[in-house]
S.K.: 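The structure follows.
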Amino acid sequence: MNKRLYLLVFAFMLLALGACNNSSDTGATQDANAQDGETYSFKLAHITPPSHMWHKGAEKFKEELDQRSDGRMQLEIYPSSQLGTEADMVEQIVGGSIDFGLITAAYMSSREEAFAAWFTPYAFEDLEAANDARDSDVAKKILGTLDQQGLVGLDYLFAGQRVMLFKDKEVKSTEDMDGLKLRVTPSPPMQDFYTSTGAGTEGLPLPEVYSAVQTGVIDGMDMDLDAAITNKYYEVVDHGAVTNHMVWPAIAMANKSTFEGMSEADQQIVRESIKAAAEYTAMTRAEQEEEFKQELQDNGMNIYELDSSVFSEQIEMFDEKYGAKDPLIQEFIDTFR
């Protein structure tokens, strides 16, 4: 009788344990399914106006999120520095009040020196080559440095390459730049490049640039053709030297807690969506190069080419100084120079 009792108790325990495991498995599956079906209302911020390529890239990101998630992921976009400066935006992304940002590599280089690599002068022949570099090991390593800041680096979105705009002087050499006051984004690698030509730099906020040129506070600026059109700088600037001396990526980033709290499937949707947006912005912008040059000429600007040989000394100085600052910058130079 005792044996039979023990066997019955043992069998009952096995059945109960199996039921618990099945219940646990079912619960885990239900939790996973619930997470995969979760809905999101995201916010994204950036500095450019709605007519700029980065905003169009943000709209493409929004469209891709919506389609790939079957409507579960919605995105609200705040352009034109509506939520503050880039410093403000990054702090809001870290804090979680904004989910995504398109933040210039110029600003990010002030927080993480490795991003200065993207301002290596004449590293790329054209925008397509720069876009291909997004998938390089060193580009991914640079994005990975954001992890320690409470951010996830997702990708790079390009606008046009940098050109030089001059109010009333056709610059053909670095000697012509000596003593000029130029608006340059307050990023050390960009400022160093210009000061090495003999020019002085002013880190004016973008909304103040038009009036600063108009009133003679500055003699010109570092800019891209896209922004020269969207901000109507052709109304106050006579000469545009198409140097294409640096690329101009925005860093697509996300709040780390938000991103890591998503299921792997939803994380993949976000990554694929921003990748599609990055490809769209680079390829669309590359196709507009000649169109933008012509539009500026039609608006009265003198548009001309300036070869990289003009800046051979500045290129050498940049590589020597910045390669020594960070191993990732040196790796970037070695990879693309």
Side-chain angles (χ1 to χ4, degrees), residues 104-110 112-134 136 138-139 142 156-166 171-178 180-203 219-228 239-251 282 285-286 289 293 303-337:
T104 63
Y107 171 71
M108 292 311 297
S109 69
S110 70
E112 172 52 58
E113 200 156 50
F115 284 101
W118 284 102
F119 301 106
T120 300
Y122 295 98
F124 305 105
E125 183 177 348
D126 51 35
L127 198 57
E128 290 94 331
N131 187 52
D132 290 342
R134 289 171 35 236
S136 66
V138 66
I142 294 171
Y156 302 90
L157 273 72
F158 289 95
Q161 293 170 284
R162 306 307 285 178
V163 302
M164 301 178 186
L165 307 182
F166 302 101
V171 168
K172 291 292 187 71
S173 68
T174 53
E175 287 76 14
D176 293 336
M177 296 174 68
D178 190 39
L180 293 182
K181 291 179 293 182
L182 303 176
R183 187 270 179 180
V184 178
T185 301
S187 170
M190 300 184 74
Q191 291 172 320
D192 284 349
F193 175 81
Y194 277 95
T195 55
S196 68
T197 70
T201 64
E202 297 286 342
D219 302 302
M221 67 195 81
D222 174 279
M223 198 55 61
D224 60 64
L225 296 178
D226 193 348
H239 304 282
V242 181
T243 51
N244 291 336
H245 55 286
M246 293 176 182
V247 293
W248 187 248
I251 313 304
R285 180 59 187 82
E289 188 75 3
K293 290 179 190 177
I303 299 296
Y304 60 98
E305 308 287 330
L306 206 54
D307 190 75
S308 63
S309 61
V310 172
F311 302 100
S312 56
E313 184 179 340
Q314 285 70 35
I315 293 170
E316 184 177 345
M317 291 171 65
F318 182 98
D319 288 1
E320 182 178 346
K321 178 176 180 177
Y322 280 89
K325 282 180 174 288
D326 190 291
L328 287 177
I329 299 177
Q330 186 62 58
E331 183 179 348
F332 191 98
I333 292 170
D334 293 341
T335 302
F336 300 113
R337 176 65 71 206

S.K.: If you measure from OG on Ser173 to CG on Asp178, what distance do you get to the nearest 0.5 Å?
M.R.: 9.5 Å
S.K.: Less than 4.5 Å apart, side chain to side chain, heavy atoms only: is that true for Tyr107 and Phe115?
M.R.: no
S.K.: Tell me, do Glu289 and Asn244 make a side-chain contact under 4.5 Å, heavy atoms counted?
M.R.: yes
S.K.: As an exercise, state the distance from CG of Asp222 to CZ of Phe193, rounded to the nearest 0.5 Å.
M.R.: 8.5 Å
S.K.: Minimum heavy-atom separation for Pro189 to Phe318, with atom names?
M.R.: CB-CE1, 3.7 Å
S.K.: May I ask you to test the Val163-Asp224 pair for a side-chain heavy-atom distance under 4.5 Å?
M.R.: no
S.K.: Nearest heavy-atom pair of Pro121 and Ile315: which atoms, and what distance?
M.R.: CB-CG1, 4.0 Å
S.K.: If you look at every heavy atom in Phe158 and Leu127, which pair is closest and at what distance?
M.R.: CB-CD1, 3.9 Å
S.K.: Mind telling me whether Phe336 and Phe124 have parallel, tilted or perpendicular rings, with 30° and 60° as the class edges?
M.R.: tilted
S.K.: Are any of the side-chain heavy atoms of Glu202 and Met221 separated by less than 4.5 Å?
M.R.: no
S.K.: With heavy-atom distances below 4.5 Å as the criterion, would you say the side chains of His245 and Gln314 are in contact?
M.R.: no
S.K.: In Å, rounded to the nearest 0.5 Å, how long is the span from CD1 of Ile303 to NZ of Lys293?
M.R.: 9.0 Å
S.K.: Do Phe332 and Ile142 have side chains that get closer than 4.5 Å, going by heavy atoms?
M.R.: yes
S.K.: Look at the side chain of Asp219 and the backbone N and O of Leu182, then say whether any donor-acceptor pair between them is shorter than 3.5 Å.
M.R.: no
S.K.: Any non-hydrogen side-chain atom of Tyr122 less than 4.5 Å from a side-chain atom of Phe311?
M.R.: yes
S.K.: State whether the number of non-hydrogen atoms from other residues, nucleotides or ligands found under 6.0 Å of Glu128 atom CD is greater than 12.
M.R.: yes
S.K.: Ignoring hydrogens, what is the shortest heavy-atom contact between Thr185 and Trp248? Give both atom names and the distance.
M.R.: OG1-CH2, 3.4 Å
S.K.: Under the side-chain contact (heavy atoms from CB on, under 4.5 Å) test against Glu331, which residue among Thr335, Ile329, Asp334, Ile333 passes?
M.R.: Thr335
S.K.: Verify, without hydrogens or angle tests, whether Tyr304 (side chain) and Val171 (backbone) share a donor-acceptor contact under 3.5 angstrom.
M.R.: yes
S.K.: CH2/Trp118 to CZ/Arg134 distance, rounded to the nearest 0.5 angstrom?
M.R.: 8.5 Å
S.K.: Without swapping roles, check the side chain of Tyr156 against the backbone of Ala139 for a donor-acceptor pair under 3.5 Å.
M.R.: yes
S.K.: Quick one: closest heavy-atom pair of Gln191 and Val184, and the distance?
M.R.: N-CG1, 4.0 Å
S.K.: Look up atom CZ in Arg285 and atom CG in Asn131, then write down how far apart they are to the nearest 0.5 Å.
M.R.: 13.0 Å
S.K.: Locate the shortest heavy-atom distance separating Ser196 from Met317; write the atom from each residue and the value.
M.R.: CB-CE, 3.8 Å
S.K.: Roughly how far, to the nearest 0.5 Å, is CE of Met177 from OG1 of Thr195?
M.R.: 10.0 Å
S.K.: When you compare the side chain of Gln330 with that of Val138, does any pair of heavy atoms fall below 4.5 Å?
M.R.: no
